[in-house]
Structure formats: structure tokens, C-alpha cells
Amino acid sequence: MTSSIFSDLNDKQREAVFSPDGPVLVLAGAGSGKTRVIAYRIGYLLKEKNVSPYSILAVTFTNKASTEMKERVLKLLGKDRMPFLWIGTFHSICARILREDIEKLNLKINRHFTIFDKEDSKSVIKKILKDEKLGENSFGISEISDYFSLIKRGAARSFPSNISSLYSLYEKSLVEQNALDFDDLLLFTVKLLREVESIRVKYQQRFQHILVDEYQDTNDVQEELLTILAEKWKNLFLVGDEDQSIYGFRGSKVRHIVEFPEKYSNAKIIRLEKNYRSFDTILSSASALVSHNKERLGKTLWTDKKGGEKIKFFSGESDRDEANFVADEVLKLSSTYPHNKIAILMRTNSQSRGLEETFLNKGIPYQIVGGIKFYERKEVKDIISYLRLAINPYDRISLLRVINTPPRGIGKTTIEAIEKVSLEKNITLYEAIVAGVNKNLFSQKSSQSLKDFMKLIKDLQFEVTSSKPSEATANLIEKIGYINHLESQSDLKKESRVENIKELVSAIKEFEVREGGNLEMFLERQSLSSDQDELDEEAADSVKVMTIHSAKGLEFPVVFIVGLEDGFFPHEKSKMKAEEVEEERRLLYVGMTRAMERLYFTNSKTRYIYGNVVIRDPSPFLSEIPFKNIEEIKIANEKADFLKLNYTFEKHESNDNFLRPGIRVYHKNYGVGIVLSSEGSGESLKVTVSFSKFGRKKLLAKMANLEVM
DNA sequence: TTCTATAGCGAGAAA
DNA sequence: CGCTATAGAA
């Protein structure tokens, strides 16, 4: 019935790929070939069902995944029919729709809108707090920003009324700046489709087939978008795995998967349970772990790859000890596994610092993936802000960022004067600058600087349309003397900052050569780029260091999961809610299932946190993994006993009675507290202290330098 | 206006 | 411990 290109699929995969029209839900376990299933489904639709590429929409989770998907389909089909196929992330698809039609919403936002990232959004909020003189607000800026995101996702239960008044100011500010934040991209697209019939009909007609990867990480707004788009044809092909849902904090809901069959009564459901990635030891350990979750549909993954090595577990005395073990093990492995086959996965970005130091010391090349992204670096963002400004002159955040960077004599006083004029006359900052200069509202010196700055931006605006973006950017950097500016700083990182600036110009150049894109397209790509887009797979032979979130969808022959401690797995901030603990468990599951051949677990008994040594207990999740699958690694005369460590935890009466319960003590960072209990003795004496300002802490007496008061 | 020193605060994950 | 906001000097 079908051509041979589909012959390398298993029965279940074929069933999915060849499904008749209508809603299809593919419950695809880790490593079960789901990306391939989507690619082949597209191939099948195009080749066997003669569906036009113009009628297909495929949604992936990252840009990297969409590039890979395009390549796979390309291999199946050849080049000529590709240009019409829409493949992208939710955000990039929405941006594309909005760039075409947002003006139909009559919101005073035009198609040249800027996409604000989290940092930009926070700058807007900071500005509002300052203008409204709400500096003493009891909420942090991040907290407010998160509230706003909740509101936009329709998920804010209740929030303080003083915040709700800020929200409308925030919204107003974005509109005035012709800017959208990440949530707006989704929200405005839904709004556009809902409210403007002609556009809704246009896309509903067009997208006869919609395919979605990583469906378990879809939030309510994305779900609604899919519902609207698929309304006419109802050909939704969704692929997901509830056990890998790890973006609850971004609003994703496992519920969407569970409720899909109720929503579409004729939905076809297919399970892909054969895992092609990992050895059985790894797979069954991961399955055992996740089986402790209540909120799941349940799957039974299996593999042909029987056996395999046990998971190696190392427990260090300190975080440095842990990092040394990882580094030494990487070196030992290097005869069998090149560095780029190895990934170090962490719960939080801050854990990378210690690893970096150790790798640097031992001369192990590494690449940090994610964390502070290339485009989020201060110096890169400075230049990006100039470029944004050239495209969208209403973008105040960018204007304020660059108006005196590098310093050109436009200080705080002048900027405040400009803002005052802008506010009073209800005009843009530019108009305010012009008006102020004309009316001699600023000092002679400031006036001249402002005139020069205005000319600089005008020239740039012209240049980005008349010459190549990379050339315009290089010219700009030259003109403002940005390299000199960086080099004149007493900054330890100045060399890498200069490098980053050069890399930015190269990135723009590459974009214009490879994709023929203009500056506006580059900026959009840039603002929607994801962690994984920075992953440099083959180029450098380097160990990849990243969070588990960033590792989603990837696989590596060797995986180290570090910091398996209570407080990281589950994270301190998730411990209180059962559903969040389940998500933490899924997170570890995702981490484990990235491993193909070898898996390492490491943790440490003590760790520096804010520069203080803190005692750490092993992750409770460790005890949910079959003991027979774990091999404990001891080094030299270490006597860390896995069983004792995880299941009993010995308690001793204290013989160091100067720190006995009830004693008042002083700690240099935590202040005054009262000793509640102690365990161990001598070198390993640990005391639990209740600090009046910081709550209960367990400290290693040797390191804590407690003073008895 | 700009530069520098330091106090004070803080890091959960990310398009 | 590391970053950043801010105060104070130049």
C-alpha cells in the first residue's frame, strides 16, 4: 500500500503515520521515535495523500527541532515542495501570523512590533514602579512579572489590587512602545483569530493538517489556538508524553492530553512504547521512578537493548569533590567516548559554576548550553537595542538603554528632563528630544550630544534598509566606538565581551547569507531563540553542560545527573505541593531517559550556597530506583554507605555539648539563632539551628563558625 | 556627568 | 560568593 520509505517503522509507528483523517493522539514514550513519526506523517500526507504542503502546519517545541524536522522531511521528499510548509514553534508561528495581520486588530500596534523578552518586561515594570513611586511595593519585580504572565494565560486566581492597577499601566506601556511580550504573541494571535472572521477563515481553510510535537507542554492559550485553527478540518495529530511534562511553571497542563479523547470523541489513540534509545537498566530504572507518580495515564516502555551497565552513583563530601569526580570520570571515559558524547545535566543553572572551574583546571573542553543566552549578554543586548530602535522607534526600553551607552554626556538629569517633556505633551521620547533641543530645555552640552545621538539613529535607520544588516551593524559598532568602550572598562570579562560583539556580526552575516533574511527577520529569530539553538553538536569536541529543561528532546551516550540532593530533586521551592513534587520526579525521569549507554548520578554531602556551607541530604527520589540497578562508587578511603545514606541516616547523641539544644548562637550570614538539635560528633558534627530571620538551617559545625552567645 | 567602591541582596526551570 | 544598585568622589 505504501512505498518503501516507510519500511523502517515499527507496527505502532506505522499505525500512527498511516492514520486516517481525524484527531489522533500519539502517546509516545521517551526515545520511542516520535520526531520521526511526525516527519513521516508529513511525508505520508504529501506523498501518498497528495496533500499540498501549503495546507500543513507543524508545531515543534524549539527552533532546533523545527530545523531538524524540515531536514527530515526534505530527505523524504526532495527540495521543491518545502517552501510552503509551515514548521515552527508556537511563538514563531504566532509572530509570523501577527506580522501579517496584527494591524487588523486596531490596537495601535503595527507589524514592526518589537518582541520583549523577560528582561525587557521587567524593565517596563521597574519603570512603572518608579513613575508611580511604588518603590516600597512588597512584591519583587520578578514576582509582578510572573503575575502578569499568569493573568495573560487566564490563570491568575486572585492577585492584590495594587498589582491589578499596575497591570493596565504595563499593557498601556507595551502598546505605546509597539511591543509584545512572549505571552502577547500567543494571546494576540488567538484574539485576532477570534475577532476577525476573514483571518480566522483564511487560516482554518488553509491548515487541513496540524501536527504538534511535545503536546504535554502546551498551555491553555496554545491549546485554544490549536482548537480554533483545527476547527474546520479537525485533523489534529498530537504527539506527547505525560511523563515528560516539565513546564508546569509556564502554564503547560497534562490535563490537555487526558481530556483530548473527551474533547474529540472520535479521537484515535496510539501508544508508542518501544524505546530505541537506552539500555534496559537505564530504562527500567527511569520507569520505576516515574511509576511513583499518581497523575499519569501509564505506559509500559520496553527495549531490545537488554542489560547494560548499572547506574554509577558517587556521593562527594563537598560540591568540589563532586565536580572533581565528574571531571576525572570524563577523562577516564575519553578513550571510549569523545567529549561531545557526554552531557552533564543539572537542576539549576547556578550549579554550572563549580563544574566550569573544575573543567577549566583539568583542561576539559565544555560548552554551557542555555543559562544566560548569547543574546542576553549585556554587550550583545546593547547592540541589539540599537538595531531594534532602528526598526521600531517607539521602543523606549531600547532607547533608554543605548542613549548613553557608550557614555556620550547624556546623564540622568537630561534623561529625566526628556521623559518629563514626553509625559507632559504626550509625545514620544524622540519628539520630546527634538522639542527639548529646540526650546533649549537642556544644557548646551547635552543639547549637542542629543543632536549627535539623533543623527546617529537616523543614519542607522537609513542604513539598515539600504545596506546589508551585517555591514550596517559593523558600521554602527565602529561609529560609536563600542569596542574601545568595552576595552577601556576594568572588567574581567572584557575580552569575551569583545569576542561576543564580533560573534554577533558574524551571526547576522550568516543569517543573511544562509537564509537571505533582513534585519527585522534576524531580530525576530534572535528574540525567539531557545537554549538548544546554541547547542553546537559536532563542531567543538566539548562536554555539554546544561539544565535538564534544556536537555529535553536530546540524547547522549553518556549522561551525568549532578546534585541529586534533597532541595534540588525535588527543588526546595517545589517541596510543599504534591503536584509540583510529581513534576520534579518527571524532571529526573526526563534527565535519566536522555542517556543511551551510561548513566551517572552524583551528589554531595555539603554544598556552598550564597557562600555558606550547607549540609545536604540525598534526594528522596534515589530510594525510588531499584537498588540492584545502582552501583556505588567509592573513592580511596571514603566510607559513604549508600544504604545508610538513603534509608536510615544515623542519629547520635551529641558529645560536643557546647552546641547543645537551647544554646543561642551567632552566624555571620544568618545572624542570631537557637540550636534545636545536633547529630554526629567532632569533624562531622551537624547542628540544626533556628535563625530568627532565615528559619531552620542544618549546618556543619566545623564550617559554620558558630559563636555561642 | 562619570567612574569607582562597597553594601546589600539573592538563584527554579525558559519561549 | 557574585551581581547590581547606589552613594560619593573626581
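From a predicted model like this one, the values you see are computed outputs, not experimental measurements. Letters A, B, ... mirror the listed sequences (proteins, then strands); counts begin at 1.
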## Note on the structure
note: Leu180(A), atom CG; dA15(B), atom C1'; distance rounded to Å ~ 14 Å
### Message
What's Arg353(A) touching, base or sugar-phosphate or nothing? Going by heavy atoms closer than 4.0 Å.
### Response
sugar-phosphate
### Task
May I ask you to say what Asn349(A) touches in the nucleic acid, namely base, sugar-phosphate or nothing, with a heavy-atom cut-off under 4.0 Å?
sugar-phosphate
### Query
How is Glu119(A) classified with respect to the nucleic acid when contacts are heavy atoms under 4.0 Å: base, sugar-phosphate, or nothing?
nothing
## Note on the structure
Scanning all shown strands, the Watson-Crick or wobble mate of dG12(B) with both distances under 3.5 Å is none
### Query
Checking all strands, does Phe61(A) fall into the base, sugar-phosphate, or nothing category for heavy-atom contacts under 4.0 angstrom?
nothing
### Query
Any side-chain donor-acceptor pair under 3.5 Å between Glu356(A) and Tyr366(A)?
yes
### Task
For Phe249(A) and dA13(B), say yes or no: do the ring centres fall under 5.5 Å of each other while the ring planes differ by less than 30°?
yes
### Query
Heavy atoms under 4.0 Å, any strand shown: does Lys552(A) hit a base, just sugar-phosphate, or nothing?
nothing
### Task
Would you indicate whether Glu119(A), at its atom CD, is surrounded by more than 12 heavy atoms from other residues, nucleotides or ligands within a distance under 6.0 Å?
yes
### Message
Using a 4.0 Å heavy-atom cut-off, does Lys493(A) contact any base of the nucleic acid, only the sugar-phosphate backbone, or nothing at all?
### Response
sugar-phosphate
### Query
Starting at the 5' end of DNA chain B and moving along, which residue's nearest nucleotide shows up first, Ile415(A) or Lys118(A)?
Ile415(A)
### Task
Tell me yes or no: between the side chains of Tyr589(A) and Asn293(A), is some donor less than 3.5 Å from an acceptor?
no
### Query
With a non-hydrogen cut-off below 4.0 angstrom, is Ser550(A) in contact with a base, only sugar-phosphate, or nothing?
sugar-phosphate
### Query
Using 4.0 Å as the upper bound for N to carboxylate O, is an ion pair formed by Glu582(A) and Arg296(A)?
no
### Query
Across the strands shown, which category fits Thr62(A) at heavy-atom distances under 4.0 angstrom: base, sugar-phosphate, nothing?
nothing
### Task
Mind checking Thr413(A) for me? I need base, sugar-phosphate or nothing, with any heavy atom below 4.0 Å counting as a touch.
sugar-phosphate
### Query
Contact class for Asn63(A) (heavy atom, under 4.0 Å): base, sugar-phosphate, or nothing?
nothing
### Query
Which part of the nucleic acid does Asp531(A) contact within heavy-atom distance under 4.0 Å: base, sugar-phosphate only, or nothing?
sugar-phosphate
### Query
When you compare dG12(B) with dA5(C), how far apart are their C1' atoms, in angstrom units rounded to a whole number?
24 Å
### Query
What do the steps show when you test Arg99(A) against Glu524(A) for salt bridge (charged side-chain N to carboxylate O under 4.0 Å, His left out), and what is the final call?
CA-CA 10 Å; Arg99(A) 294 263 182 234; Glu524(A) 176 167 315; 2.5 Å; yes
#### Entry: Most 5' of Ser446(A) and His549(A) on DNA chain B, judged by nearest nucleotide
Ser446(A)
